[in-house]
Amino acid sequence: MSTFPQQDSSDLNDKDPEQLRIHSIETFGTHDGPGIRFIVFVQGCQFRCLYCHNPDTFDVKGGKFISLEEIENRVLRQKPYFGDEGGITISGGEPLLHRKKLITLFKRLKEKGINTCLDSNGRLVNKEVEELLEYTDLLMLDVKHINDEWHHKLTTVSNSATLKLADLREKQGKKMWLRYVLVPGWSDQEEYLHELGQHFKDFKTIEKIEIQPYHKLGVHKWEALNMQYGLEGVNPPTAEEIEKAKNIFSQYFKEVHVN
Ligand code: SF4
């Protein structure tokens with residue numbers, strides 16, 4: 001059993017600005033953003049979340065390429081099904097690793113009236129990320145833990161960039177949802193749920209927070225990759241545990257949704 005090595009985004013080595021390195025595509029997704037969505041799961045992530053159910057997206061050199069043109073054409077073909085709310089979601093892996101190409105893609109799609117959504121762990125904040133967010137109608141920001149030490153234990157990295165990205169989004173005044181994976185014993189400590197609520201309670205751009213109860217559906221992928229699964233023996237939260245977290249978040253956010 002091994003752990004997956006950390007990689008730099010320069011490992012991406014994707015020189016062609018028109019080719020995006022992806023893991024997979026879901027054409028009629030209903031769980032990642034509002035309405036019916038065309039979801040692109042990009043390849044590569046620098047977090048190492050213990051519960052990740054897509055560890056096969058870690059490798060920045062893995063996956064396959066698809067052209068931006070093909071994505072655009074497929075999204076436009078699906079446009080009649082999007083209704084008022086649907087559109088494209090870029091998830092992963094981590095979309096910010098592909099920020100330059102996503103600026104190009106989102107610019108083009110917005111010109112064609114497509115709603116854009118980004119599901120990100122907030123790993124990076126820079127000028128390009130800021131520009132990408134300008135073309136993003138909805139940012140779904142995954143906050144893995146409000147306490148930096150626990151964030152580190154869960155993901156191997158700090159939460160400081162994620163919190164900075166939330167500040168940037170708030171400054172932009174554009175829509176944001178928070179997403180929170182609830183893991184018993186790891187991210188369900190009452191004091192930290194309150195701390196998270198306190199931290200974000202005055203953000204005007206946050207429409208809701210989504211609780212994502214921890215599940216074990218990805219464990220077989222870790223085994224298949226011969227990697228050590230770090231949450232062995234941890235069970236999904238019970239209905240009571242989920243309810244408790246929901247009640248705490250309800251004190252701070254106008255909408256709390258359990259996925
Ligand atoms: S941020 Fe997402 S893709 Fe990356 S390791 Fe965590 S759960 Fe997996």
Side-chain angles (χ1 to χ4, degrees), residues 2-9 11-12 20-26 29 31-33 39-64 89-99 102 117-125 129 132 136 139-166 176-184 186-188 196 209-232 234 236-237 259:
S2 60
T3 51
F4 200 89
Q6 272 296 352
Q7 295 169 309
D8 196 80
S9 57
D11 287 331
L12 270 168
L20 184 66
R21 191 186 282 270
I22 66 162
H23 172 269
S24 55
I25 280 175
E26 187 183 342
H31 298 291
D32 293 291
I39 304 171
V40 180
F41 296 92
V42 293
Q43 182 71 23
C45 186
Q46 292 163 319
F47 278 30
R48 295 288 175 263
C49 301
L50 294 177
Y51 49 69
C52 183
H53 57 265
N54 286 323
D56 45 342
T57 64
F58 286 172
D59 187 359
V60 299
K61 296 175 198 155
K64 59 192 174 198
T89 295
I90 309 290
S91 184
E94 175 46 45
L96 297 184
L97 285 176
H98 307 267
R99 55 201 173 274
L102 293 179
C117 173
L118 204 64
D119 178 15
S120 169
N121 63 26
R123 175 74 176 106
L124 183 80
V125 185
V129 169
L132 175 60
T136 302
L139 170 67
M140 294 193 292
L141 186 64
D142 304 296
V143 180
K144 312 289 187 181
H145 210 292
I146 194 66
N147 176 272
D148 200 32
E149 209 175 302
W150 275 100
H151 193 278
H152 217 279
K153 281 189 219 171
L154 264 175
T155 69
T156 74
V157 294
S158 167
N159 65 8
S160 61
T162 308
L163 299 181
K164 261 190 221 150
L165 194 74
M176 171 163 54
W177 294 357
L178 300 184
R179 304 186 115 186
Y180 192 79
V181 180
L182 191 72
V183 191
W186 289 81
S187 62
D188 68 341
L196 188 143
I209 183 165
E210 293 186 326
I211 296 175
Q212 300 178 301
Y214 163 69
H215 62 69
K216 296 178 167 182
L217 297 179
V219 178
H220 69 279
K221 292 191 188 172
W222 288 76
E223 287 163 2
L225 292 164
N226 201 28
M227 291 189 324
Q228 182 78 45
Y229 187 67
L231 291 181
E232 209 66 61
V234 177
N259 278 357

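Order of listing sets the numbers, starting from 1, for every ligand and every atom in it. Source: prediction; values computed, not measured.
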- Query: Nearest protein heavy atom to atom 3 (S) of ligand 1, by residue and atom, and its distance?
  - Reply: G93 N, 3.6 Å
- Message: Using the rule given for side-chain hydrogen bond (donor to acceptor under 3.5 Å, both in side chains), can you reason through H23 versus D56, listing the C-alpha separation, both sets of side-chain angles and the distance that settles it, and then say yes or no?
- Response: CA-CA 8 Å; H23 172 269; D56 45 342; 2.9 Å; yes
At their closest point, which heavy atom of [X] faces which heavy atom of [Y], and how far apart are they?
{"X": "G29", "Y": "I39", "value": "CA-CD1, 3.6 Å"}
{"X": "V157", "Y": "Q46", "value": "CG1-O, 4.2 Å"}
{"X": "E94", "Y": "L96", "value": "OE2-N, 2.9 Å"}
{"X": "A161", "Y": "R123", "value": "CB-O, 3.2 Å"}

- Task: Anything under 30° is parallel, anything over 60° is perpendicular, the rest tilted; go ahead and classify H215 against H53.
- Result: tilted
- Item | Proximal ligand 1 atoms for F58, defined as those under 4.0 Å from one of its heavy atoms | 5 (S)
- When L225 is tested against each of E223, M227, Q228 for side-chain contact (heavy atoms from CB on, under 4.5 Å), which residue passes? M227
- Can you list the protein N, O or S atoms less than 2.8 Å from atom 6 (Fe) of ligand 1? C49 SG
